[in-house]
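Here the structure is laid out as structure tokens; the discussion comes afterwards.
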Amino acid sequence: MQLRQLGQNGLTVSALGLGCMGLSFGYGPATDKQQAISLIRAAVEKGVTFFDTAEIYGPFVNEEVVGEALAPVRDQVVIATKFGFDCEQPGQVLNSRPEHIRAAVEGSLARLKTDYIDLYYQHRVDPDVPVEDVAGTVANLIAEGKVKHFGLSEAGVGTIRRAHAVCPVAALQSEYSLWWRQPEQEILPLLAELNIGFVPFSPLGKGFLTGAIDATTTFESGDFRNIVPRFSEESRQANQLLVDIVKDLATEQGVTPAQIALAWLLAKAPWIVPIPGTTKLHRLEENLGAASVTLSPMALSHINAALEQIDVVGDRYPKHLQARVGK
């Protein structure tokens, strides 16, 4: 597995990471704990060094799974987790007050069975707490050795600049894929300017870009996609054209649609590290195979030309969640 650097302070990770959320949260019933641990350890064996979780996933359960899975190889891996919600309250209440961050980091350290967190993200910008206070608190945690690097998730340009001025931001985590390209407008140029890495989540469009989902697909009752406008039956029908194009490109290249989607992201910049998630070993192997796929300039031009002709239908979040991003 090739390595990539996030940020200016030497945070080095595998070119593809593993998003662990779906093992415990967001996509229906949680995976059996031992199966989840086995999958994470299989990822380590296949060269993955970068694992993403958050205290809100469960809440708490996903960090416990990740911590147990990675404890035997802690010095060989990079663990990213996130703060910014009051996990004791229902409804995902934002809380990035300095005293809450300090309480949150202690909980995460315990659940992750570690003395330090490699990459500590603010999960969502808290409008009630100046980001300078957030960055300053994380800078203190870095000085104390409890955190190695600072990250932001779904933050906007102004917030990134302000935070970075107080404590260097190693990485921004936000959604980015063939069917959500908004970061190209302002975010990617800013990250290049400031030498901040980019960690795209949902790089496979929450499964849509794999070609395994169509207008007739049904999701389990606990699956987050049931409330996502982009996953309405009408939207999936309208967006099938994008999947068809990806499938055709995959056939031409002799790879899978998922590998095309991931290879496209990897080709965008050497400081982009996607974190696809899965619960299945064969999907893990397929995703990691994308690191070996090289898209020619002609293939990339073909993809980009096709994308310019497609208007993806449906918002990526329901309104109450969309209101929390890009701040």
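Everything numeric in this text was worked out from a predicted model, so none of it was measured. Note that these values count all heavy atoms, side chains included, but never hydrogens, waters or copies made by symmetry.
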**Item:** Check: Val134 and Asp126 side chains under 4.5 Å, non-hydrogen atoms
**Value:** no
**Item:** Ile272 side, atom CD1; Leu172 side, atom CG - distance, nearest 0.5 Å
**Value:** 11.0 Å
**Item:** Main-chain N/O of Pro168 paired with Asn9 side-chain donor or acceptor, under 3.5 Å
**Value:** no
**Message:** Tell me whether Thr159 contacts the main-chain N or O of Ala155 through its side chain, where contact means a donor paired with an acceptor under 3.5 Å.
**Reply:** no
**Asked** When clusters are formed by joining ILVMFWY residues with side-chain heavy atoms under 4.5 Å apart, either directly or through shared neighbours, do Ile196 and Val13 land in the same one?
**Response** yes
**Request:** Decide whether Val166 and Tyr121 are clustered together by the hydrophobic rule: side chain heavy atoms of Ile, Leu, Val, Met, Phe, Trp, Tyr closer than 4.5 Å, transitively.
**Result:** no
**Request:** Would you sort out whether Phe219 and Phe231 count as a ring pair (Phe, Tyr, Trp, His ring centres under 6.0 Å), showing the intermediate values?
**Result:** CA-CA 10 Å; Phe219 303 109; Phe231 276 91; 5.8 Å; yes
**Asked** How far apart are the closest heavy atoms of Pro127 and Leu94, and which atoms are they?
**Response** CD-CD1, 3.9 Å
**Fill in**
Here the pair of heavy atoms bringing Lys206 nearest to Arg225 is O-NH1, 2.7 Å
**Asked** Within a strict 4.5 Å, meaning less than it, do heavy atoms of the Gln259 and Ser292 side chains meet?
**Response** no
**Item:** Closest contact, heavy atoms only, Val228 versus Asp315
**Value:** CG1-O, 3.9 Å
**Asked** Are side-chain heavy atoms of Leu249 and Ile303 found at a separation under 4.5 Å?
**Response** yes
**Request:** Please confirm whether Arg4 makes a cation-pi placement over Trp271, using NZ or CZ under 6.0 Å from the six-membered ring centre and within 45° of the ring normal.
**Result:** no
**Asked** Can Gln122 and Ser153 be counted as having a side-chain donor-acceptor contact under 3.5 angstrom?
**Response** no
**Message:** Give me the atom names and distance for the closest heavy-atom approach of Pro203 to Ser177.
**Reply:** O-CB, 3.4 Å
**Prompt:** In terms of side-chain geometry, is the basic nitrogen of Glu308 or Arg181 positioned less than 4.0 Å from the acidic oxygen of its partner?
**Reply:** yes
**Fill in**
OG of Ser96 to CZ of Arg124, rounded to nearest 0.5 Å, is 11.5 Å
**Message:** Measuring from atom CG of Leu112 to atom CD1 of Ile117, what distance do you get when rounded to the nearest 0.5 angstrom?
**Reply:** 6.0 Å
**Prompt:** How long is the span from the CG atom in Leu6 to the NE2 atom in His149, to the nearest 0.5 Å?
**Reply:** 9.0 Å
**Prompt:** Within the distance-only criterion (no hydrogens, no angle test), does the side chain of Ser202 pair as donor or acceptor with the backbone N or O of Gly205 below 3.5 angstrom?
**Reply:** no
**Residue pair Glu63, Ser108: steps toward the side chain to side chain donor-acceptor pair (under 3.5 Å) verdict** = CA-CA 7 Å; Glu63 283 188 327; Ser108 290; 2.8 Å; yes
**Prompt:** Do Asp118 side-chain atoms and Ile79 backbone N/O form a donor-acceptor pair below 3.5 Å?
**Reply:** yes
**Request:** Output, in order, the C-alpha distance, side-chain angles, deciding distance and verdict of side chain to side chain donor-acceptor pair (under 3.5 Å) for Asn62 and Ser24.
**Result:** CA-CA 6 Å; Asn62 196 241; Ser24 310; 2.9 Å; yes
**Prompt:** Side-chain donor-acceptor pair under 3.5 Å between Arg230 and Ser235, yes or no?
**Reply:** no
**Request:** Please assess His123 against Tyr57 for the test ring pair (Phe, Tyr, Trp, His ring centres under 6.0 Å), listing each intermediate value before the final yes or no.
**Result:** CA-CA 11 Å; His123 207 153; Tyr57 300 160; 5.7 Å; yes
**Validation row: Glu154, Val125 side chains within 4.5 angstrom (heavy atoms)** = no
**Message:** Check this for me: does any side-chain nitrogen of one of Glu286 and Arg283 sit under 4.0 Å from a carboxylate oxygen of the other?
**Reply:** yes
**Asked** What pairs with Ala323 under side chain to side chain contact (heavy atoms under 4.5 Å, CB included), at least two apart in sequence or on another chain?
**Response** none
**Message:** Does any part of the side chain of Asp214, heavy atoms only, come nearer than 4.5 Å to the side chain of Arg236, both counted from C-beta?
**Reply:** no
**Fill in**
Interatomic distance, CG@Leu266 vs CG@Leu295, rounded to 0.5 Å, equals 9.0 Å
**Message:** Salt bridge or not between Lys82 and Glu55? Use side-chain N to carboxylate O under 4.0 Å.
**Reply:** no
**Request:** Show your reasoning for whether side-chain contact (heavy atoms from CB on, under 4.5 Å) applies to Phe201 and Asp52.
**Result:** CA-CA 10 Å; Phe201 68 81; Asp52 183 88; over 6 Å; no
**Request:** Could you tell me whether the side chains of Asn95 and Gln89 share a donor-acceptor contact shorter than 3.5 Å?
**Result:** no
**Request:** For the residue pair Phe50 and Leu119, establish whether any side-chain heavy-atom pair is separated by less than 4.5 Å.
**Result:** yes
**Item:** Minimum side-chain heavy-atom gap Leu194-Val169 below 4.5 Å
**Value:** no
**Item:** Under 3.5 Å: donor-acceptor pair, side chain of Thr53, backbone of Thr81
**Value:** no
**Fill in**
For Thr217 and Ala212, the nearest pair of non-hydrogen atoms, with its separation, is OG1-O, 4.2 Å
**Prompt:** Quick one: do Phe60 and Val105 end up in the same hydrophobic cluster if we chain Ile, Leu, Val, Met, Phe, Trp and Tyr together by side-chain heavy atoms under 4.5 Å apart?
**Reply:** no
**Asked** Taking Ser38 for the side chain and Gln34 for the main chain, is one N or O donor matched with an acceptor at less than 3.5 Å?
**Response** yes
**Asked** What orientation do Tyr176 and Phe198 show, parallel under 30°, tilted 30 to 60°, or perpendicular over 60°?
**Response** tilted
**Request:** Please lay out, stage by stage, how Lys113 and Glu64 fare under the test salt bridge (Lys or Arg N to Asp or Glu O under 4.0 Å).
**Result:** CA-CA 8 Å; Lys113 301 182 186 298; Glu64 293 170 353; over 6 Å; no
**Message:** Less than 3.5 Å apart, any donor N or O on the side chain of Gln240 or Asp244 sitting next to an acceptor on the other?
**Reply:** yes
**Request:** To the nearest 0.5 angstrom, please state how far the CD1 atom of Ile227 sits from the NZ atom of Lys319.
**Result:** 14.0 Å
**Message:** Gln92 vs Asp86, test: side chain to side chain donor-acceptor pair (under 3.5 Å). Steps then yes/no.
**Reply:** CA-CA 7 Å; Gln92 297 192 356; Asp86 185 341; over 6 Å; no
**Message:** Could you check whether atom CD of Glu285 has more than 12 heavy atoms from other residues, nucleotides or ligands sitting under 6.0 Å from it?
**Reply:** yes
**Prompt:** Given Val243 and Val246, is the side-chain contact (heavy atoms from CB on, under 4.5 Å) satisfied, shown in steps?
**Reply:** CA-CA 5 Å; Val243 174; Val246 174; 5.6 Å; no
**Prompt:** Should Glu99 and Arg102 count as an ion pair when the cut-off is N to O under 4.0 Å?
**Reply:** no
**Message:** Between Phe83 and Tyr120, is the ring centroid distance below 6.0 Å?
**Reply:** yes
**Prompt:** Does Leu288 belong to the same Ile/Leu/Val/Met/Phe/Trp/Tyr cluster as Leu3, with side-chain heavy atoms less than 4.5 Å apart forming each link?
**Reply:** no
**Item:** N-O pairing of Glu106 and Lys146 below 4.0 Å
**Value:** yes
**Message:** Taking Arg161 first and then Glu193, would you say they form a salt bridge - that is, a charged N and a carboxylate O separated by under 4.0 Å?
**Reply:** yes
**Message:** Using side-chain heavy atoms (C-beta onward) and a distance below 4.5 Å, is Glu175 in contact with Pro200?
**Reply:** no
**Request:** Check Asn226 against Ser221 and note the closest heavy-atom contact, atom names and distance.
**Result:** ND2-O, 3.9 Å
**Prompt:** Would you find a donor on one side and an acceptor on the other, under 3.5 Å apart, between the side chain of Ser14 and the backbone of Thr49?
**Reply:** yes
**Item:** Criterion side chain to side chain donor-acceptor pair (under 3.5 Å) on Glu144 and Tyr116, from CA distance to verdict
**Value:** CA-CA 10 Å; Glu144 295 164 19; Tyr116 62 94; over 6 Å; no
